[in-house]
2 protein chains.
Amino acid sequence: MGLRERKKVQTRNALIDAALELFLTRGYEATTIDQIAARVDVSPRTFFRYFSSKEDVALSAPADSQDIFLAALAARPETESPYTALSQAMRTMVATLRGKEPEDAARFMKARQLVEETPALLAGQMRLLMENEQRLVAEVARRQGTDSGDLLPQFVVSVFTGLGMICYHSGTQGLDVMAERLDDVLTLADRSLRPGWDLATADTSPSATD
Amino acid sequence: MGLRERKKVQTRNALIDAALELFLTRGYEATTIDQIAARVDVSPRTFFRYFSSKEDVALSAPADSQDIFLAALAARPETESPYTALSQAMRTMVATLRGKEPEDAARFMKARQLVEETPALLAGQMRLLMENEQRLVAEVARRQGTDSGDLLPQFVVSVFTGLGMICYHSGTQGLDVMAERLDDVLTLADRSLRPGWDLATADTSPSATD
DNA sequence: TAATTTATGTCACCTCATGACAGATGACAA
DNA sequence: TTGTCATCTGTCATGAGGTGACATAAATTA
């Protein structure tokens, strides 16, 4: 890895840290790009060469965690049912986060806290989730052997996304708490959902029951 | 109702219609406030006296539909279980929308289509949803007789929000399709969820099973 | 060292959004 | 009808977010 690339990573991390620091102390809206850039000693223009927007820098850590989740899901064995694969991937994500450098973990926690207290960022994070949602639906449909346009995969992903949101919401208090909460939520889900609910059955068309 | 108020309503609707029209033809980002204001023959400054932002005007119709839902939920009898109340309120909302003036319905549909094809607005709509989420959780907790911080009400609302998203997603093709989709989704939910899943039981604390 | 690539800074520009103030217009009472 | 008052509106000025163009400085490669 050359000097050039190392410097880029360094600048990028410095921008993220400076931004999170300012956002958390002065507030997200009250902080300007100029202030962030000034703290890292780069021009404001350079900021936008690293991040496409103010929101982008704030959500870079959450976006990373999403990527981790996607990767974990892809690594789950084909034999697992959709919901099992999703929830195991979630556990893997939390574990991966906990295994990271303290520096990275701190960034993640700061971003979590910031997002929680900033409605605009909460919305942005939801957008990130929704952008992945279609990929998730496609993956679930593949595992179920059904079509992506079918209702069931959408339903499964939708339920799971909801679970993820609840965990994420509790992540403010640290990754340990988040891991516990994940267990609780999954337990609750097991108790609420019928066995095999996430698997396609012979009669997929709804019309007979009512 | 005086002339002044009538004019205000008129201007407001004109701004919404002009905005939706331009957004749908030229795209959301490509359309400027100046263009919207010019089409209605008001100053750009006046636009911001009716709407707090560009997003606000685009999401005014969705925001209205949310209000309808909240009102419908409040009107549900106390005896209904949380999930039943939520889903019936949803049905009421769709029915209310279908019963509106064609002009209003058209606005709603245009907004739906616009939101669907504009990621930034998708995020905004999610924000609207999340703003209500806490109220929903509180309402469900009240009906369950549990605490608002408890996991179950959050879970119920989360699942339901997911269902709502699926319906909403299909609302692009018209309110009739959306009503059908709602039925399908609720049927699927009934098939997937255990009876009484949305009611608090004696043993709420998870620890025994695993 | 010379040539090439690439990151950065500077400058200009546009759009979104807000505050301040003056003028126009509807509301209302005499 | 007229005068007063409240309110809506337009104009102006300002600041922040975001982008394109171009020159410069630095790192890579030969």
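A, B, ... follow the sequence lines: proteins, then strands. Residue 1 opens every chain.
A:Phe108 meets the ring pair (Phe, Tyr, Trp, His ring centres under 6.0 Å) test with no other residue; sequence neighbours excluded. For B:Tyr168, the ring pair (Phe, Tyr, Trp, His ring centres under 6.0 Å) criterion is met by no residue, not counting sequence neighbours. Annotation: ring pair (Phe, Tyr, Trp, His ring centres under 6.0 Å) contacts of B:Phe48 (sequence neighbours excluded): none. With sequence neighbours left out, the ring pair (Phe, Tyr, Trp, His ring centres under 6.0 Å) criterion links A:Tyr50 to no other residue. Applying the side chain to side chain donor-acceptor pair (under 3.5 Å) criterion to A:Thr79, with sequence neighbours excluded, gives no partner residue.
One interatomic measurement links the two molecules: CZ of B:Phe48 to C1' of C:dT18, which rounds to 9 Å at whole-angstrom precision. In this structure, B:Glu55 places its CD atom 16 Å from C1' of C:dT15, rounding to the nearest Å.
Applying the ring pair (Phe, Tyr, Trp, His ring centres under 6.0 Å) test to residues at least two apart or on different chains, the pairs with a partner in residues 72-105 of chain B are B:Tyr83-B:Trp197.
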Run the numbers on A:Thr46 and A:Ser43 for side-chain hydrogen bond (donor to acceptor under 3.5 Å, both in side chains), then give the verdict. CA-CA 5 Å; A:Thr46 294; A:Ser43 77; 3.2 Å; yes
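Among B:Arg26, B:Lys110, B:Arg39, the single residue meeting the salt bridge (Lys or Arg N to Asp or Glu O under 4.0 Å) criterion with B:Glu21 is B:Lys110.
Note on A:Arg91 versus A:Asp183: salt bridge recorded, some NZ/NE/NH1/NH2 to OD/OE distance being below 4.0 Å. A:Glu139 has a carboxylate O that lies under 4.0 Å from a charged side-chain N of A:Arg143, or vice versa, which qualifies the two as a salt bridge. By the 4.0 Å N-to-carboxylate-O rule, A:Lys54 lies too far from A:Glu29 to be salt-bridged with it. Ion pairing between a basic and an acidic side chain is recognised when a charged N comes within 4.0 Å of a carboxylate O; B:Glu103 and B:Arg107 show such pairing.
End-to-end axis angle for the helix from C:dT1-D:dA30 to C:dA30-D:dT1, using five pairs per end and rounding to 10°, comes out at 10°.
Considering all non-hydrogen atoms of both residues, A:Asp198 and A:Gln144 come closest at O-NE2, 2.7 Å.
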Enumerate donor-acceptor pairs with a distance under 3.5 Å from any side-chain N or O in residues 117-129 of chain A to protein atoms, sequence neighbours excluded.
{"unit_1": "A:Thr118", "atom_1": "OG1", "unit_2": "A:Leu114", "atom_2": "O", "d": "2.8"}
{"unit_1": "A:Arg127", "atom_1": "NH1", "unit_2": "A:Glu131", "atom_2": "OE2", "d": "2.9"}
{"unit_1": "A:Arg127", "atom_1": "NH2", "unit_2": "A:Glu55", "atom_2": "OE2", "d": "2.4"}

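Proximity of residues 114-124 of chain A to DNA chain D (heavy atom under 4.0 angstrom from any strand atom) is not detected for any residue. DNA chain D is contacted by no residue of residues 20-33 of chain B, taking any non-hydrogen atom closer than 4.0 Å.
Here OG1 of B:Thr11 is found 13.0 Å from CZ of B:Phe47. Values are rounded to the nearest 0.5 Å.
Think of the region where chain B sits on DNA chain D: with heavy atoms and a 4.0 Å cut, that region ends 5' and 3' at D:dA6 to D:dT11.
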Which parts of nucleotides 4-10 of chain C does protein reach within less than 4.0 Å, heavy atoms only, written one letter per nucleotide 5' to 3' as B for base, S for sugar-phosphate only and - for none? -BBSBBB
